[in-house]
Amino acid sequence: MLKIGIIGCGFIGGQICRAIDSGEIDAELYALCDSSESKALELATSLKTCRPAYMKIEELIRSVDLVVESASQNAVRFIVPQALQAGCNVMVLSVGAFADKELRETLFGLAKQHNCKLYFPSGAVVGIDGINSARAAGISSVTLTTRKPPSGLMGAPYVVEHGIELEKLEEETVLFEGTASEAVKAFPANVNVAATISLAGIGFERTKVKVIADPSLSRNVHEITVEGEFGKFCTRVENLPSPDNPKTSYLAALSAISTLKKLLNPVQIGT
Ligand SMILES: NC(=O)C1=CN([C@@H]2O[C@H](COP(=O)(O)OP(=O)(O)OC[C@H]3O[C@@H](n4cnc5c(N)ncnc54)[C@H](OP(=O)(O)O)[C@@H]3O)[C@@H](O)[C@H]2O)C=CC1
Ligand SMILES: O=C([O-])CC(=O)C(=O)O
C-alpha cells in the first residue's frame, strides 16, 4: 500500500488525512509533519482509524513513497529537492514556488534523474484539463482574474507593502494586474492557481493575472480565459472558502484528494 507523508497540517493537509482515514483514498497515512508539532499531533489523534507518526521532515522523507507538500512556498524550496533525491514522488500545493526558474528547472531535473513524479493538482480552479488539451496545438493568451473577499487577502505581501487598508474597502477594487510570475510573489497564499495555470499553459511571464478585493463577496471566484488554435474557453468557479483558512477554497483540498485517488486508480478519466 502506498505510504503517504504529509508536510503541512492545516486545512488541505487535514482534509487529505480525513479522506485517507475514511477509506476514500486507499493509501497508508504513515507520517505527519508541521512547523507546530502539537498541531500535527492534534490532527493525528482526531483521526478514527489511521495512526500516523509525527516525524521531522528528513525522517518523513526517508520513510514514505509519496510526500504531500501542503505547507508554504518557502517549504517547497526545502522539502521538494530532498524528497526527490530520496526517490519520493511529491504532490505540491504551494505551486507558486515554481515561478522561480532556477528552482523549477532543478526540481524538474531531479524528478527526471530520480524517476519520480511531481503532481500539481488543479487546485481551486477549473479548466486545467482544457489548458492541457489546448497546449497540444498552440495557446495565444491565458488570463486569470481572481476575486476574493478582503478577509481572504489579508496579510499578503503586496497588500502590506502598498499599505492597502482592505477593511476600509466599500466596493470591488482591483489590487493587482501583472504576470503570473509577479502575482505569486505578491500573493503567495492566494494565487498558487496562477502557477498551476502557467505550468500547464504558456508559462509565468505570458500568463496574465488580475487580483480583485470585493467586500460584497463571500466566495473566492476564479475566472480563466484561454485563446488558441482550438478556439476560446472561459471558466468561472465560485468557491466556498475553507472555514479554517479563508484564503483557501474548499475545492483546492478536494482537488488534492482527487489527484491522490487518480494516481492510485488504474482507470483514468479526463485529461
Ligand atoms: N494549488 C492551489 O490551488 C492552492 C494552494 N494553496 C496553498 O497550499 C498550501 C496549504 O494550504 P492550507 O492548508 O490552506 O494552509 P494552512 O495555512 O491552513 O496550513 C499550512 C500548514 O503548514 C504549516 N507550515 C508552513 N510552513 C511549513 C514548513 N516549512 N514546514 C512544516 N510546516 C509548515 C503551517 O504552519 P504555520 O501556520 O505555523 O505557518 C500550517 O500549519 C498553502 O501554501 C496555500 O497557499 C491553497 C489553496 C489553493
Ligand atoms: O484557494 C483558492 O481560492 C486559491 C488560493 O488560495 C491559491 O491559489 O493559493
Side-chain angles (χ1 to χ4, degrees), residues 7-8 10-12 35 69-81 83 90-110 118-125 127-128 131 139 141-166 169 173-214 220-226 239 241-242 245-249 252 255-256:
I7 303 177
F11 177 67
I12 295 178
S35 43
E69 175 287 314
S70 48
S72 62
Q73 288 189 26
N74 282 338
V76 168
R77 295 171 189 282
F78 183 66
I79 295 163
V80 183
V90 184
M91 185 169 81
V92 178
L93 270 305
S94 309
V95 193
F98 283 75
D100 178 335
K101 188 167 182 271
E102 201 181 321
L103 181 72
R104 181 168 74 240
E105 287 176 355
T106 301
L107 296 180
F108 287 2
L110 283 174
L118 273 169
Y119 299 103
F120 300 98
S122 299
V125 289
I128 299 294
I131 299 177
I139 297 177
S141 70
V142 180
T143 61
L144 166 72
T145 302
T146 290
R147 285 184 177 75
K148 290 197 176 186
S151 61
L153 295 159
M154 297 280 180
Y158 188 89
V159 169
V160 174
E161 278 158 26
H162 289 79
I164 300 169
E165 296 181 292
L166 287 170
L169 295 183
T173 306
V174 177
L175 301 185
F176 170 91
E177 276 185 276
T179 63
S181 171
E182 295 161 340
V184 297
K185 292 183 191 84
F187 296 89
N190 291 110
V191 288
N192 285 284
V193 288
T196 312
I197 291 167
S198 302
L199 291 173
I202 53 176
F204 287 86
E205 303 308 326
R206 289 177 63 207
T207 302
K208 303 294 178 230
V209 179
K210 199 189 269 195
V211 178
I212 298 170
D214 185 346
N220 297 328
V221 181
H222 301 287
E223 292 170 323
I224 303 175
T225 302
V226 179
N239 284 316
S242 114
N245 178 359
K247 297 181 179 72
T248 292
S249 303
S255 134

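Below, all heavy atoms of this structure are taken into account, side chains as well, without hydrogens, waters or symmetry copies.
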With sequence neighbours left out, what residues match [X] under ring-ring contact (aromatic ring centres under 6.0 Å, His included)?
| X | answer |
| --- | --- |
| F204 | none |
| F11 | none |
| F78 | none |

Return the minimal non-hydrogen interatomic distance between [X] and [Y], and the atom names on each side.
| X | Y | answer |
| --- | --- | --- |
| A97 | R77 | O-NH2, 4.3 Å |
| G8 | S70 | O-OG, 2.8 Å |
| G123 | S255 | N-OG, 2.7 Å |
| K247 | G152 | CG-O, 3.3 Å |
| L166 | P150 | CD1-O, 3.6 Å |
| S94 | V76 | O-CG2, 3.6 Å |

Would you say that [X] contacts [Y] through its side chain, given a criterion of any heavy-atom pair below 4.5 Å between the two side chains?
| X | Y | result |
| --- | --- | --- |
| Y119 | V92 | no |
| P149 | N220 | yes |
| N190 | V211 | no |
| V221 | I212 | no |
| T179 | V209 | no |
| T106 | P81 | no |
| L107 | F98 | yes |
| V95 | L93 | no |

Using the test salt bridge (Lys or Arg N to Asp or Glu O under 4.0 Å), find all partners of [X] that sit at least two apart in sequence or belong to another chain.
| X | value |
| --- | --- |
| K185 | none |
| E105 | K101 |
| E161 | none |
| E223 | R147, R236 |

| CD1 of I197 to CG of L144: how many Å apart, nearest 0.5 Å? |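 It is 4.5 Å, given to the nearest 0.5 Å.
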
With sequence neighbours left out, what residues match [X] under side-chain contact (heavy atoms from CB on, under 4.5 Å)?
| X | result |
| --- | --- |
| A124 | V193, H222, N239, S249, A252 |
| T225 | T143, K232, C234 |
| A75 | A71, S72, I79 |
| A200 | I128, I131, N132 |

| task | Determine which pairs satisfy salt bridge (Lys or Arg N to Asp or Glu O under 4.0 Å) with at least one residue from residues 197-212, sequence neighbours left out, and list them in order. | result |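 Qualifying pairs: none.
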
| request: Without swapping roles, check the side chain of Y158 against the backbone of L175 for a donor-acceptor pair under 3.5 Å. | output: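 Yes: the side chain of Y158 pairs with the backbone of L175.
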
| task | Let me see the working for T196 and N192 under side-chain contact (heavy atoms from CB on, under 4.5 Å), right down to the final yes or no. | result | CA-CA 7 Å; T196 312; N192 285 284; 5.5 Å; no

| request: Could you check L199 against F108 for side-chain contact (heavy atoms from CB on, under 4.5 Å), going step by step and ending with a plain yes or no? | output: CA-CA 12 Å; L199 291 173; F108 287 2; 4.1 Å; yes

| Please walk me through it: do E182 and F176 pass side-chain contact (heavy atoms from CB on, under 4.5 Å)? | CA-CA 10 Å; E182 295 161 340; F176 170 91; 3.8 Å; yes

